Amino acid sequence: VLTCVYGAGSGTRPLFLTVASSPLSLSSPVSFFSYSPPNIVTATRSTTSGSLITISGNNFGTNASSIRVVVGSTFGLCSNVSVITHHTVITCLAPPGSGI
């Protein structure tokens, strides 16, 4: 039985297994590990275009440039996405036309 512990992250990463014994040494990607998809637990409502939206949940990642936030089915993408707490809290500015 082989148990691997992987650190926090997002996306899909290769899983390498290295076997070293005399005279054989083998190292190759044997599988791929995928993190769970993002999960939103709470989100603040946008009251006007450009208002700050705070989203809490898990599995968001750490790189704001790779996070896309879509508001509704017709409003579009938020701008200025920021990671506030790695993997769990992000903020962004509401797109034009959004709000209650």
Side-chain angles (χ1 to χ4, degrees):
V1 174
L2 175 66
T3 302
C4 298
V5 178
Y6 235 72
S10 61
T12 300
R13 304 285 185 256
L15 179 63
F16 287 90
L17 173 64
T18 301
V19 177
S21 64
S22 185
L24 175 65
S25 183
L26 169 70
S27 181
S28 64
V30 294
S31 184
F32 287 88
F33 176 84
S34 294
Y35 289 94
S36 297
N39 178 48
I40 296 172
V41 175
T42 63
T44 58
R45 286 193 153 172
S46 166
T47 55
T48 61
S49 298
S51 64
L52 185 69
I53 298 173
T54 300
I55 303 168
S56 300
N58 49 53
N59 304 322
F60 296 144
T62 60
N63 183 355
S65 66
S66 67
I67 299 172
R68 303 287 179 264
V69 178
V70 178
V71 176
S73 59
T74 58
F75 296 121
L77 292 172
C78 279
S79 60
N80 295 35
V81 175
S82 297
V83 175
I84 305 304
T85 305
H86 287 178
H87 306 289
T88 61
V89 180
I90 57 176
T91 61
C92 64
L93 298 180
S98 62
I100 52 173

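Everything quoted here is computed from the prediction, not taken from an experiment. These values consider heavy atoms only, across backbone and side chains, with no hydrogens, waters or symmetry-generated copies.
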Is there a chain of hydrophobic side chains (I, L, V, M, F, W, Y, each step under 4.5 Å between heavy atoms) that links I67 to I40?
-> yes

Applying the 4.5 Å side-chain criterion to the ILVMFWY set and letting contacts propagate, would V89 and V83 be lumped into a single cluster?
-> no

To the nearest 0.5 Å, atom OG of S79 lies from atom CG of L93 at 4.5 Å

Should C92 and N80 count as side-chain neighbours, where that means a heavy-atom distance under 4.5 Å?
-> no

How far apart are the C-alpha atoms of I55 and F60, what are their side-chain angles, what is the distance that settles it, and do they pass the side-chain contact (heavy atoms from CB on, under 4.5 Å) test?
-> CA-CA 10 Å; I55 303 168; F60 296 144; 3.8 Å; yes

side-chain contact (heavy atoms from CB on, under 4.5 Å) with I90: which of V69, I53, I84, T85?
-> V69

Check side chain to side chain donor-acceptor pair (under 3.5 Å) between S51 and all other residues, then give those that pass, not counting sequence neighbours.
-> S46

Kindly say whether N58 contributes a backbone atom to a donor-acceptor pair with the side chain of N39 at under 3.5 angstrom?
-> no

Side-chain touch C78/V71, heavy atoms, less than 4.5 angstrom = yes

Determine, step by step, whether H87 and T62 satisfy the side-chain contact (heavy atoms from CB on, under 4.5 Å) criterion, reporting the C-alpha distance in whole Å, the side-chain angles of both residues, the deciding distance to 0.1 Å, and the verdict.
-> CA-CA 6 Å; H87 306 289; T62 60; 3.5 Å; yes

Main-chain N/O of T54 paired with T44 side-chain donor or acceptor, under 3.5 Å | yes

